J.: 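Structure provided below as structure tokens; questions to follow.
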Amino acid sequence: MTAAPTRARDTTPAAAAAPSGSASGRSSLDLVLRARELGIVLALAALVAVTAISNPRFLSGQSIRDILLGTAILAVLAVGQAVVVITRNIDLSVGSVLGLSAFAVGTLLQNNPGLPVVVALLIGAAIGGVCGGANGVLVRYGNVPALVVTLGTLYVVRGITYFWAGGQQINADELPQGFLDFGNATLLGIPYLVLIALLVLVVTGLVLRNYRVGRELYAMGSSPQAATLAGISVGRRTIGAFAVSGALAGLAGVLFAARFGTIDAAAGTGYELNVVAAVVVGGVAVFGGSGSVWGAALGALLLTTIGSSLAVLEINQFWQQAIVGGLILLAIGADRLVAARVAASLKRRHGREGGSHVS
Amino acid sequence: MSADTSIASSAGSGAASGPGTSPNGGGVPRGGGAGGIAGRFANWNVAIIAVTLVVMVVASATVDNFGTSQNFGFLVLDLLPIALVALPMTLVIVTGEIDLSVASTLGLSSAVMGSLWNSNQPIETIIPVCLLLGAVLGAINGFFITVLGLPSLAVTIGTLALYRGLAFVVLGDGAVADFPAVYTDWVTGNLAGTSIPNVLLVIVALAVVFGIVLHATPVGRAVFAVGASEQAARFAGVRPGRLKFWLYVVSGAVAGLAGVLWTLRYSSARADNGAGLELAVVAAVLLGGVSIFGGKGALPGVLAGVLLLASLQNALRLSDVSNEALNVVTGVLLIVSVLAPNLANAVRGSVQRRRHRTTTNPL
């Protein structure tokens with residue numbers, strides 16, 4: 001721990017132990033948030049180190065590529081989920097939306113082999129955007145909790161996909177070669193899928209961080225009432241957040257189709273759990289108002305790496321789901337602990353300054 | 001009284017029904033708003049029961065084999081796990097919380113049952129162990145939610161994954177069969193000389209117990225009070241944390257029992273038994289008129305919701321509609337069940353607001 005510049009008044013042991021120093025409340029909060037993402041990075045590093053020592057092939061090009069491709073799909077979903085969770089909502093329908101989009105785009109490509117990949121991506125995102133928009137409208141105008149609405153649409157969208165697919169499966173040999181190449185091709189050694197995920201991550205991250213619309217989403221999550229009073233059009237932003245989540249789930253569906261080449265109506269079943277896990281593990285509080293898409297993407301990377309590590313370490317794959325569950329509990333527990341410590345440190349500083357805010 | 005009202009109204013949607021007001025406790029109109037709400041929920045209960053009866057009558061008339069006594073047995077067996085788990089879930093949701101881990105608890109109970117049976121334990125010790133296991137799993141949920149103060153949604157999504165994962169760790173993806181015929185026959189059998197399934201007794205017995213507890217005891221009043229306003233309930237001498245903790249323990253134990261009965265019904269212990277059941281249970285409870293925001297609900301409505309869901313699924317299945325179509329029906333029912341009261345409320349609210357605005361808002 002570096003010796004933070006302490007104020008003269010900070011002489012009590014408690015104050016010396018807390019590395020808040022001269023920092024304002026905001027920057028100590030920043031430190032905590034950064035520390036949370038640091039925690040994921042450390043966990044990730046430890047996991048990779050242990051696995052690599054046990055089996056060096058874990059760091060082979062192919063293995064890393066698989067992890068990155070898996071992360072790319074999960075991260076795109078997690079970024080969308082983070083946008084929704086930040087507004088104090090949740091979107092459980094993303095796995096079903098991914099399935100619908102994957103099957104729709106697969107069918108489209110089957111019938112129009114000449115379709116450019118970019119158009120396929122856009123159509124997938126549009127399908128997802130419509131599903132997400134419907135979620136948003138139901139949440140906004142029905143005045144219903146997002147949990148219930150998206151639980152319902154999870155069923156409905158999956159059911160529609162099954163109706164449509166009727167047990168048939170789209171195989172790789174029915175998809176145009178250009179699309180499959182896109183799933184495998186790289187640019188400067190980085191798979192296209194990963195580049196797309198990075199693009200989504202950076203754009204969403206910057207918008208959330210630096211633009212008014214992004215800050216309004218955080219404000220809504222912190223206090224919907226205050227956000228309304230501050231003149232934020234909460235309803236429109238809610239619909240927008242769900243539309244973004246849906247669109248990204250749709251985009252992820254196209255990436256899924258390109259990566260695996262085989263699509264049936266069950267594509268993405270149960271993904272919602274991993275996505276919520278990635279977001280929660282990544283430090284996005286389920287009560288809204290805090291967290292970042294960077295954390296969510298790191299969470300996605302961690303979960304995907306755990307999956308590969310278990311295989312390499314020859315641990316029963318069945319442990320994976322239990323570990324995901326344990327991680328969720330650990331992450332929200334840590335989140336609570338951090339919140340309590342921040343609150344305590346703010347209170348302490350407030351007490352010391354005795355109400356006279358001279359700083 | 002005025003302080004009470006202001007606390008309740010700060011709790012948002014739980015505002016209208018005061019602490020301790022059991023929604024089915026008679027439609028005694030206590031001033032405009034309260035009478036309207038009480039009336040509305042009485043109406044919802046009546047409506048859902050009526051809809052259920054209509055569906056059953058129509059299905060009996062139009063769907064071959066729906067109205068037979070044999071199908072009645074299947075229907076009861078099909079709704080058995082949903083009905084059981086929905087009983088404690090009703091209480092949990094009325095307090096304003098949720099338990100999404102019930103189906104995984106059922107699965108883990110089933111997996112442990114299979115694993116113990118494989119190691120030649122007598123079934124008479126296995127069944128209590130499974131119930132106890134469920135209670136412990138529920139206590140873990142309760143600990144995280146009430147002692148650590150974590151949101152129940154996140155905790156039970158976590159334990160949903162954790163318990164299901166442990167079920168697979170315990171039993172892998174195999175199945176254990178060959179449970180004693182005495183037990184499996186009892187679960188699938190009928191009362192001697194009748195066409196009433198034995199397990200209906202279990203459902204009725206538990207439903208009566210939960211109904212009395214929720215609607216006729218101080219515990220039940222505390223459940224409603226906590227759901228309407230936790231703060232107000234605390235002032236009234238209720239300890240919300242302790243209450244919720246025990247509700248989760250009961251919820252887990254009942255899910256454990258459901259796991260045992262599920263295993264005996266199919267004579268097959270599998271780690272994935274009951275996967276996804278939590279969605280159907282939540283759907284049935286909300287369909288039964290319980291508010292997801294807490295503070296409102298009644299068991300007769302929930303039982304009707306369970307019956308409605310099961311009858312629709314049964315009738316559709318008999319009409320050769322695929323399982324996937326059932327998903328759509330369940331999802332739409334879930335959305336409609338939460339949307340309908342709110343839409344009714346919105347219409348009523350807009351009328352009241354318009355009246356209100358003319359008197360209070362100078363703009």
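The structure presented is a predicted model; accordingly, all values stated were derived computationally and were not measured. Heavy-atom basis, side chains included; hydrogens, waters and symmetry copies ignored. In the text below, chain A, chain B and the rest are named by the order of the sequence lines, each starting its count at 1.
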J.: Applying side-chain contact (heavy atoms from CB on, under 4.5 Å) between A:Tyr155 and each of B:Leu333, B:Thr330, B:Val332, report the one that passes.
T.: B:Thr330

J.: A:Phe318: which residues meet the ring-ring contact (aromatic ring centres under 6.0 Å, His included) condition with it, sequence neighbours left out?
T.: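 A:Phe318: ring-ring contact (aromatic ring centres under 6.0 Å, His included) contacts with B:Phe168.
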
J.: Does anything in residues 271-288 of chain B pair up under side chain to side chain donor-acceptor pair (under 3.5 Å), and if so which pairs, sequence neighbours excluded?
T.: B:Ser110-B:Asn273, B:Trp262-B:Asn273, B:Arg270-B:Asp272

J.: Highest number of heavy-atom pairs under 4.5 Å with chain A: which of B:Ala271, B:Gly276, B:Gly149?
T.: B:Gly149

J.: Specify which of A:Val156, A:Leu138, A:Val149, A:Leu327 makes the most heavy-atom pairs with chain B at under 4.5 Å.
T.: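 Ranked by contacts with chain B, first place is A:Val156.
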
J.: Pick one of side chain, backbone, both or neither for B:Ile335, based on which atoms fall under 4.5 Å of a heavy atom in chain A.
T.: side chain

J.: To the closest 0.5 Å, what do you measure between CG (B:Leu162) and CG (A:Leu330)?
T.: 11.5 Å

J.: I need the B:Leu153 CG to A:Leu92 CG distance, nearest 0.5 Å.
T.: 7.5 Å

J.: Looking at B:Leu339, B:Ile98, B:Val169, B:Ile292, which one has more heavy-atom pairs under 4.5 Å with chain A than the rest?
T.: B:Val169

J.: Shorter than 4.5 Å, heavy atoms on both sides: which option in A:Leu151, A:Ile160, A:Val324 has the most such pairs with chain B?
T.: A:Leu151

J.: At under 4.5 Å between heavy atoms, what parts of residues 136-145 of chain B are in contact with chain A? List them by residue number.
T.: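 Those residues of residues 136-145 of chain B which have a heavy atom under 4.5 Å from chain A are B:Phe144.
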
J.: Does the side chain of B:Val282 come within less than 4.5 Å of A:Leu147's, by heavy atoms?
T.: no

J.: Return the minimal non-hydrogen interatomic distance between B:Leu150 and A:Ile332, and the atom names on each side.
T.: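 So the minimum-distance heavy-atom pair works out to CD2-O, 3.5 Å.
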
J.: To check you understand the geometry: which heavy-atom pair defines the closest contact between A:Ile328 and B:Ile157, and what is its length?
T.: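 Heavy atoms only, the tightest pair is CD1-CG2, 4.2 Å.
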
J.: Identify which part of B:Leu148 has an atom lying under 4.5 Å from any heavy atom of chain A, answering side chain, backbone, both or neither.
T.: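 Contact with chain A involves the backbone of B:Leu148 alone.
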
J.: Within residues 263-274 of chain A, which positions have a heavy-atom distance to chain B below 4.5 Å?
T.: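 Expected list: A:Leu273.
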
J.: Among the options A:Ala277, A:Pro145, A:Ala322, A:Gly326, pick out the one with the most heavy-atom pairs lying under 4.5 Å from chain B.
T.: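 The residue among A:Ala277, A:Pro145, A:Ala322, A:Gly326 with the greatest pair count is A:Ala322.
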
J.: Output the option from B:Asp173, B:Val329, B:Val336 having the highest count of non-hydrogen pairs under 4.5 Å with chain A.
T.: B:Asp173

J.: Side chain to side chain contact (heavy atoms under 4.5 Å, CB included), that's the test. Do B:Leu279 and A:Leu154 meet it? Break it down for me.
T.: CA-CA 10 Å; B:Leu279 304 185; A:Leu154 178 155; 4.0 Å; yes

